[in-house]
Amino acid sequence: MSTTEQTYIMIKPDGVQRGLVGEIIARFEKRGFKLAALKMETPSKELLEKHYGDLADKPFFPKLVKYMLSGPVICMVWEGLDAVKTGRVMLGATNPLASNPGTIRGDYALQVGMNVCHGSDSVENAKKEIELWFNNDVKQYKLDAAQWIYE
Ligand code: RTP
C-alpha cells in the first residue's frame, strides 16, 4: 500500500473567482490527503501550452489556453493512497453535465469550458506536472493524523 502517491490539483481561474478555493482544499483535507505543496500563480502562455501539450491539436485548445490565462490559479500537490485516481473521482467527469452530485464539478459547474479544477490523470502525468509547476519543490513531513486515516 503506497500512501505517498502524489497528484497535481489546480483550481482554475473560475474556481478562484467564485470563491471555491477554501471549499476545494477542505474536501481534500477532510478526505485524508496530505497537502505537500500550495501556491497561487498567474501562469504564462508557455507554461499552459506545456501543461496542456497533449491537447494542442484539439479545436478547443486556443479557448482552453485563453480561459486558463484569464486569472490566477491555485496550484497544489496532494499526497496519499491512490491520490491520482481518487483525486479525479473527487473532481468528477471533465464535462460537468456528466459529473455526479457530490463531486466538485458535479456540485459547482455546468460547462466543460468552466469546470473549476484540474487533476492529474495518471501517476506518470502527475510526476511531470509536479515538476512543471513546482520544480519538484514539495514538502516532506509526517502527517500526525495519518494514524487515524490508514489502518
Ligand atoms: P483537466 O486536465 O483540466 O483536469 O481536464 P481533463 O483531464 O478532465 O480533460 P482534458 O480532456 O484533458 O481537457 C482539459 C480541459 O480542457 C477543457 N475542455 N474543453 N470541448 C471542449 O470545449 C473542451 N473539452 C475539454 C476543459 O477545461 C478540460 O478540463
Side-chain angles (χ1 to χ4, degrees), residues 1-16 20-58 60-96 98-100 103-106 108-109 112-147 149-151:
M1 177 176 82
S2 168
T3 59
T4 56
E5 185 172 296
Q6 294 182 330
T7 189
Y8 176 66
I9 301 290
M10 176 162 56
I11 305 175
K12 297 178 177 181
D14 50 330
V16 174
L20 297 174
V21 173
E23 168 69 25
I24 293 169
I25 290 175
R27 287 182 181 221
F28 278 84
E29 274 191 317
K30 287 179 192 168
R31 186 69 192 257
F33 289 113
K34 181 174 106 175
L35 184 61
L38 171 71
K39 67 176 176 181
M40 182 176 243
E41 170 133 356
T42 307
S44 66
K45 194 163 180 272
E46 291 69 34
L47 179 59
L48 290 166
E49 283 172 350
K50 266 189 205 160
H51 175 80
Y52 282 124
D54 58 329
L55 300 176
D57 295 339
K58 301 279 183 195
F60 60 81
F61 185 72
K63 193 179 114 193
L64 170 61
V65 172
K66 191 171 167 217
Y67 157 52
M68 293 299 296
L69 282 170
S70 64
V73 298
I74 299 291
C75 312
M76 300 177 282
V77 178
W78 288 95
E79 183 177 307
L81 183 65
D82 271 334
V84 170
K85 203 168 142 203
T86 303
R88 294 278 292 189
V89 172
M90 290 169 68
L91 262 51
T94 305
N95 188 337
S99 304
N100 289 324
T103 64
I104 293 165
R105 289 165 176 159
Y108 300 117
V112 71
M114 287 275 175
N115 63 357
V116 174
C117 46
H118 159 83
S120 307
D121 62 5
S122 68
V123 173
E124 191 191 344
N125 281 338
K127 286 191 175 124
K128 284 186 198 157
E129 291 169 4
I130 292 166
E131 187 176 356
L132 182 67
W133 289 88
F134 283 99
N135 199 17
N136 288 330
D137 182 21
V138 296
K139 302 297 174 212
Q140 291 184 354
Y141 65 99
K142 183 169 170 283
L143 186 68
D144 284 333
Q147 63 181 313
I149 294 166
Y150 295 103
E151 329 168 356

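This structure is a prediction, so every number in the text was calculated from the model and none was measured. The chain is numbered in sequence order, starting from 1.
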Could you tell me whether a side-chain N or O of E5 sits under 3.5 Å from a main-chain N or O of V84, the two making a donor and an acceptor? yes
How close do D14 and Y67 get, heavy atom to heavy atom, and via which atoms? OD1-OH, 2.7 Å
For residues A37 and L35, report the shortest heavy-atom separation together with the two atoms involved. O-CD1, 3.5 Å
Tell me the closest heavy-atom pair linking G71 and P43, and the distance in Å. O-CD, 4.5 Å
Side chain to side chain contact (heavy atoms under 4.5 Å, CB included) for L55 and F60? Distances and angles first, verdict last. CA-CA 9 Å; L55 300 176; F60 60 81; 4.2 Å; yes
Looking at every non-hydrogen atom in both residues, tell me the closest pair between P96 and A109 and how far apart they are. CB-O, 3.3 Å
Rounded to the nearest 0.5 Å, the CG atom of D121 sits from the CG atom of D54 at a distance of 7.5 Å
For F33 and M90, run side chain to side chain contact (heavy atoms under 4.5 Å, CB included): C-alpha distance rounded to whole Å, both residues' side-chain angles, the deciding distance at 0.1 Å, then the answer. CA-CA 12 Å; F33 289 113; M90 290 169 68; 3.9 Å; yes
Side chain to side chain contact (heavy atoms under 4.5 Å, CB included) assessment of M68 paired with H118: CA-CA 11 Å; M68 293 299 296; H118 159 83; 6.0 Å; no
L132 and Y8, any side-chain heavy atoms less than 4.5 Å apart: no
Report the distance from atom CD1 of I24 to atom NZ of K12, rounding to the nearest 0.5 Å. 10.5 Å
Given the ring of Y52, does K58 sit roughly above its face, with NZ or CZ under 6.0 Å from the centre of the six-membered ring and within 45° of the axis? no
Rounding to 0.5 Å, atoms CD1 (I9) and CZ (F28) come to a distance of 3.5 Å
Distance, nearest 0.5 Å, that separates CG of L91 from OG of S120: 9.5 Å
Shortest non-hydrogen separation from G32 to L143 and the atoms involved: O-CD2, 4.4 Å
Counting only heavy atoms not in E124, do more than 12 sit closer than 6.0 Å to its CD atom? no
Look only at the side chain of R88 and the backbone of G119, and say whether a donor-acceptor pair between them is shorter than 3.5 Å. yes
Applying side chain to side chain donor-acceptor pair (under 3.5 Å), name anything that partners E41, two or more places apart in sequence or on another chain. K39
N-O pairing of E131 and K127 below 4.0 Å: no
When you look at N95 and N115, which way does the side chain to side chain contact (heavy atoms under 4.5 Å, CB included) test go after all the steps? CA-CA 7 Å; N95 188 337; N115 63 357; over 6 Å; no
Without swapping roles, check the side chain of T42 against the backbone of P72 for a donor-acceptor pair under 3.5 Å. no
Would you check if L38 and C75 make a side-chain contact, meaning some heavy-atom pair closer than 4.5 Å? no
Taking only Lys NZ, Arg NE, NH1 and NH2, and the carboxylate oxygens of Asp or Glu, determine whether K50 and E46 approach each other closer than 4.0 Å. no
Taking the side chain as C-beta and beyond, is there a heavy-atom pair between M76 and I11 under 4.5 Å? yes
Starting at CE of M10, measure out to SG of C117 and round the result to the nearest 0.5 Å. 10.0 Å
Any side-chain heavy-atom pair from L48 and L69 closer than 4.5 angstrom? yes
If you look at every heavy atom in S99 and A93, which pair is closest and at what distance? OG-O, 2.8 Å
For the residue pair E23 and Y108, establish whether any side-chain heavy-atom pair is separated by less than 4.5 Å. yes
Rounded to the nearest 0.5 Å, how far apart are CD of Q140 and NZ of K34? 7.5 Å
Could you tell me if the side chain of M40 sits less than 4.5 Å from the side chain of V16, heavy atoms only? yes
Is T103 close to V89 at the side-chain level, that is, under 4.5 Å between some pair of heavy atoms? no
Report yes if some heavy atom in the side chain of W78 is under 4.5 Å from a heavy atom in the side chain of I25; otherwise report no. yes
